[in-house]
Amino acid sequence: MSKLGTLGARLHHGEIGYDFVKNRKIWYGISILITITAIVGLTVRGLHMGIEFQGGAVFTTPKNMSVSVSTAEGYAEDASGHDAIVQKLGDGSLRIQVAGIDTKTSDTIKDRLADDLKVDGEKINAELVGPSWGEQIANKAWQGLGIFLLLVVIYMAIAFEWRMALAAFVALIHDITITVGIYALVGFEVTPGTVIGLLTILGYSLYDTVVVFDSLKEQTRDITKQTRWTYSEIANRSINSTLVRSINTTVVALLPVAGLLFIGGGVLGAGMLNDISLSLFVGLAAGAYSSIFIATPLVADLKEREPAMKSLKKRVLAKRAQGGDPDDGQDAPVSDDGLDDEPADVAAAVVGPRNQPASRARGRGRPSGKRR
């Protein structure tokens with residue numbers, strides 16, 4: 001078995017682990033700091049809305065243009081009297097965007113660009129975009145986002161419970177805010193591709209969260225009938241048992257997106273790929289982070305406020321303080337992943353590697369039950 005596979009097996013069985021839930025205040029603080037930075041960037045710089053949302057014209061020149069991007073920007077701004085965005089495409093052609101102009105103005109700008117760039121005006125392709133079309137896209141995007149979030153909350157509340165639905169909702173808002181804030185900070189153009197990317201990352205983020213929540217639901221079944229573990233400890237175990245799976249899923253998803261962003265958009269100059277690839281890249285990374293460091297610790301926080309969970313925690317701590325044997329016949333929570341068979345000294349404290357194999361730790365310090 002590979003080292004990563006061995007690590008995943010040891011995490012799943014509780015032999016090693018990291019206490020994510022115990023350090024939740026650190027993760028909350030980091031998330032709040034990142035979110036505030038994103039909101040400040042969004043407030044100060046704002047989003048750079050694409051021409052699809054503002055309306056205007058897009059001019060595409062013939063291939064293999066020898067004119068630089070900065071020179072073409074100057075020509076376009078002089079011809080239109082508006083700010084222009086120029087991108088050099090992979091085939092050497094120029095894509096010139098000018099917002100806020102009508103049909104008559106676009107014809108004049110096209111003729112002047114042809115003279116300045118020294119090309120035939122018939123070879124410059126002009127496309128007009130009306131602002132009403134962009135407004136419709138924006139409205140549909142908001143409607144789609146609202147419907148998606150509503151359905152997520154309803155589904156999570158039915159399939160799991162309202163606390164998990166609330167935690168998943170907070171994680172999704174966290175991911176969207178960070179992604180939109182990054183767009184504002186780096187100044188990338190917001191296009192319909194960006195909207196598609198934002199809606200796509202919600203599914204990835206929710207998938208990682210549901211995987212952890214499903215494990216947590218199974219491991220906390222009949223939790224109050226035992227005195228081995230608190231809810232937070234089992235929540236932490238759920239994160240560790242699915243940690244390698246979450247990392248693998250995220251890395252596999254990020255690799256092709258990174259190719260689109262850094263190679264397609266950066267090296268080849270296909271600017272339109274930046275629109276969707278940046279939102280996917282940032283959103284996938286934020287989704288993996290929120291499912292591990294935000295959603296599950298938040299559920300543990302909410303559950304530990306329940307009277308039943310408070311009572312359970314007192315019993316567990318009291319039993320440990322008395323030095324009681326966790327394997328003394330107490331009923332354990334029903335679980336499908338073998339939690340009942342774990343030695344309590346491994347499962348209860350899932351921080352750091354064990355000094356000895358679990359098989360040797362089982363039953364140490366008590367009679368074997370055999371008569372000599």
Side-chain angles (χ1 to χ4, degrees), residues 1-12 16-18 20 27 30-31 34-35 37-38 41 48 50 87-91 141 145 148 152 168 171-215 238-296:
M1 183 182 294
S2 65
K3 291 183 178 180
L4 187 60
T6 303
L7 175 63
R10 297 185 69 190
L11 284 168
H12 182 76
I16 60 173
Y18 181 80
F20 294 97
W27 318 132
I30 293 174
S31 294
I34 296 175
T35 303
T37 303
H48 183 197
Q87 296 174 327
K88 195 153 193 175
L89 306 181
D91 58 3
L145 178 61
F148 177 85
V152 165
L172 290 175
I173 297 299
H174 167 273
D175 300 340
I176 294 173
T177 303
I178 291 178
T179 305
V180 174
I182 293 295
Y183 258 85
L185 290 172
V186 302
F188 272 30
E189 189 178 29
V190 178
T191 67
T194 305
V195 177
I196 294 172
L198 284 173
L199 295 176
T200 302
I201 64 173
L202 299 179
Y204 279 101
S205 176
L206 186 63
Y207 170 78
D208 283 339
T209 302
V210 168
V211 168
V212 182
F213 282 2
D214 186 63
S215 174
S238 298
I239 299 175
N240 281 277
S241 64
T242 58
L243 183 60
V244 172
R245 177 179 178 179
S246 297
I247 293 175
N248 287 340
T249 303
T250 303
V251 170
V252 169
L254 282 176
L255 286 177
V257 175
L260 287 175
L261 178 62
F262 298 109
I263 298 177
V267 178
L268 300 180
M272 62 188 68
L273 293 178
N274 290 334
D275 308 338
I276 187 171
S277 58
L278 179 64
S279 61
L280 288 175
F281 189 85
V282 176
L284 288 173
Y289 172 86
S290 64
S291 64
I292 296 172
F293 297 97
I294 302 298
T296 309

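Counting from 1, the numbers follow the sequence of the chain as shown.
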Any side-chain heavy-atom pair of L199 and F148 under 4.5 Å: no
In the structure I gave you, are the side-chain heavy atoms of T249 and Y207 within less than 4.5 Å of one another anywhere? yes
If I take atom [atom1] from residue [X] and atom [atom2] from residue [Y], how far apart are they, to the nearest 0.5 angstrom?
X    : Y    : atom1 : atom2 : result
L278 : I182 : CG    : CD1   : 7.5 Å
T242 : D208 : OG1   : CG    : 8.5 Å
L255 : F281 : CG    : CZ    : 9.0 Å
I176 : S279 : CD1   : OG    : 11.5 Å

Closest non-hydrogen atom pair between [X] and [Y], with its separation:
X    : Y    : answer
S31  : H174 : OG-NE2, 3.5 Å
A168 : L206 : CB-CD1, 4.4 Å
S246 : T250 : O-OG1, 2.8 Å

Is it the case that the side chain of [X] and the backbone of [Y] share a donor-acceptor pair, with hydrogens and angles ignored and the cut-off at 3.5 Å?
X    : Y    : value
S215 : V212 : no
T209 : S205 : yes
T296 : I292 : no

With F293, which residues qualify under ring pair (Phe, Tyr, Trp, His ring centres under 6.0 Å), at least two apart? F20, W27, Y289
Steps toward side-chain hydrogen bond (donor to acceptor under 3.5 Å, both in side chains) verdict (S290, D175): CA-CA 7 Å; S290 64; D175 300 340; 3.1 Å; yes
Evaluate L145 against L202 for side-chain contact (heavy atoms from CB on, under 4.5 Å), listing each step before the verdict. CA-CA 9 Å; L145 178 61; L202 299 179; 3.4 Å; yes
Pairing residues for I201 by the side-chain contact (heavy atoms from CB on, under 4.5 Å) criterion, not counting sequence neighbours: T179, L198, L280
